[in-house]
**Q** 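My questions all concern the structure below.
Source: prediction; values computed, not measured. FYI, the numbering just counts along the sequence from 1.
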Amino acid sequence: MSAHDCDPIRRESRDDVLRIADYRRFPPTGSDPSPGLGFTRDLSDAGICLGVDAPESIGSLLCVAIRGLEGLAGLGAIHRVVWCSAERDGRYWLGLERISDPNVRWATESSAEAHDLSIA
């Protein structure tokens, strides 16, 4: 049973939506690496369940920008990590609670430039 299966009853509905998401620590510092890349398992008004390659500490703040269907990242919202669950395949699920409205602009480098999505 994963942490996702154990979630307490929520007040808001969740949508099982698969979207690519760019994320980075907030507030950003000059030594932060390029944005991480994850994917959503579900979305709600209050937060996100996000699949990622590396764990994040509970209580950490992340700026998360969900990509639209055209692949471009929208404005980012600040989220707090409320749980982190390791999976057998080496990936991690993060339970994120949204703590701001989507209004954080990404750096001048576009998400498409940060992650080369071209197929060679």
Side-chain angles (χ1 to χ4, degrees):
M1 188 179 279
S2 71
H4 180 71
D5 298 327
C6 298
D7 285 346
I9 296 174
R10 295 176 179 244
R11 291 182 298 251
E12 73 284 338
S13 64
R14 289 183 280 182
D15 295 322
D16 294 332
V17 177
L18 177 64
R19 293 277 192 274
I20 295 173
D22 297 299
Y23 70 97
R24 63 174 59 164
R25 290 190 178 91
F26 186 84
T29 65
S31 63
D32 283 341
S34 61
L37 191 63
F39 61 93
T40 64
R41 177 161 59 184
D42 64 48
L43 300 170
S44 74
D45 289 339
I48 303 169
C49 182
L50 189 66
V52 297
D53 290 328
E56 294 289 342
S57 301
I58 293 172
S60 297
L61 298 179
L62 302 176
C63 180
V64 180
I66 306 296
R67 293 188 188 190
L69 295 177
E70 70 286 347
L72 301 175
L75 293 177
I78 309 305
H79 290 77
R80 179 182 300 116
V81 178
V82 294
W83 57 264
C84 179
S85 174
E87 296 297 318
R88 291 183 199 150
D89 64 359
R91 294 187 51 87
Y92 297 85
W93 288 110
L94 302 178
L96 304 177
E97 172 189 26
R98 190 176 77 192
I99 60 173
S100 80
D101 289 329
N103 61 4
V104 179
R105 297 223 177 258
W106 287 86
T108 56
E109 179 181 59
S110 75
S111 296
E113 292 169 342
H115 298 287
D116 184 6
L117 299 179
S118 63
I119 299 174

**Q** Would the distance check show the side chain of Arg98 and the main-chain N or O of Asp45 forming a donor-acceptor pair, the cut-off being under 3.5 Å?
**A**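 Here the side-chain-to-backbone pair exists.
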**Q** Can the ring centroids of Tyr92 and Trp83 be said to lie less than 6.0 angstrom from one another?
**A**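 Aromatic pair excluded; centres sit 6.0 Å or further apart.
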**Q** Applying a strict under-4.5 Å side-chain criterion to I, L, V, M, F, W and Y, I'd like to know whether Phe26 and Ile99 cluster together.
**A**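 They do share one cluster, since a chain of ILVMFWY contacts under 4.5 Å joins Phe26 to Ile99.
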**Q** Is a donor on one side and an acceptor on the other found under 3.5 Å between the side chain of Thr40 and the backbone of Leu43?
**A**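 Looks like no, no N/O pair under 3.5 Å.
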**Q** Can you measure from CD (Glu56) to CG (Leu94) and round to the nearest 0.5 angstrom?
**A**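 Spacing of CD (Glu56) from CG (Leu94) equals 6.0 Å.
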**Q** Let's go through Leu50 and Phe39 carefully: what are the C-alpha distance in whole Å and the side-chain angles of both, what is the deciding distance for side-chain contact (heavy atoms from CB on, under 4.5 Å) to 0.1 Å, and is it a yes or a no?
**A** CA-CA 6 Å; Leu50 189 66; Phe39 61 93; 5.6 Å; no
**Q** For the residue pair Trp93 and Cys49, what are the closest heavy atoms and their distance?
**A**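 So the two residues come closest at CE3-SG, 3.7 Å.
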**Q** At their closest point, which heavy atom of Cys63 faces which heavy atom of Gly76, and how far apart are they?
**A**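 Closest approach of Cys63 to Gly76, heavy atoms only: SG-CA, 3.9 Å.
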**Q** Under the side chain to side chain contact (heavy atoms under 4.5 Å, CB included) test against Ile66, which residue among Ile20, Ile48, Leu75, Asp22 passes?
**A**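 That would be Ile48; it is the only one of Ile20, Ile48, Leu75, Asp22 passing the side chain to side chain contact (heavy atoms under 4.5 Å, CB included) with Ile66.
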**Q** Checking Ser100 side chain against Ala77 main chain: does a donor-acceptor pair fall under 3.5 Å?
**A**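 Not a single qualifying donor-acceptor pair exists.
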**Q** Rounded to the nearest 0.5 Å, how far does CG of Leu62 lie from NE2 of His79?
**A**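 Reported to 0.5 Å precision, the distance equals 9.0 Å.
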**Q** Rounded to the nearest 0.5 Å, how far does OG of Ser85 lie from CZ of Arg91?
**A**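 Spacing of CZ (Arg91) from OG (Ser85) equals 12.5 Å.
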**Q** Under 4.5 Å between any side-chain heavy atoms of Leu37 and Arg67, yes or no?
**A**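 In contact.
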**Q** If you apply the rule side-chain contact (heavy atoms from CB on, under 4.5 Å), what do you find for Leu69 with Arg19, and how did you get there?
**A** CA-CA 8 Å; Leu69 295 177; Arg19 293 277 192 274; 3.5 Å; yes
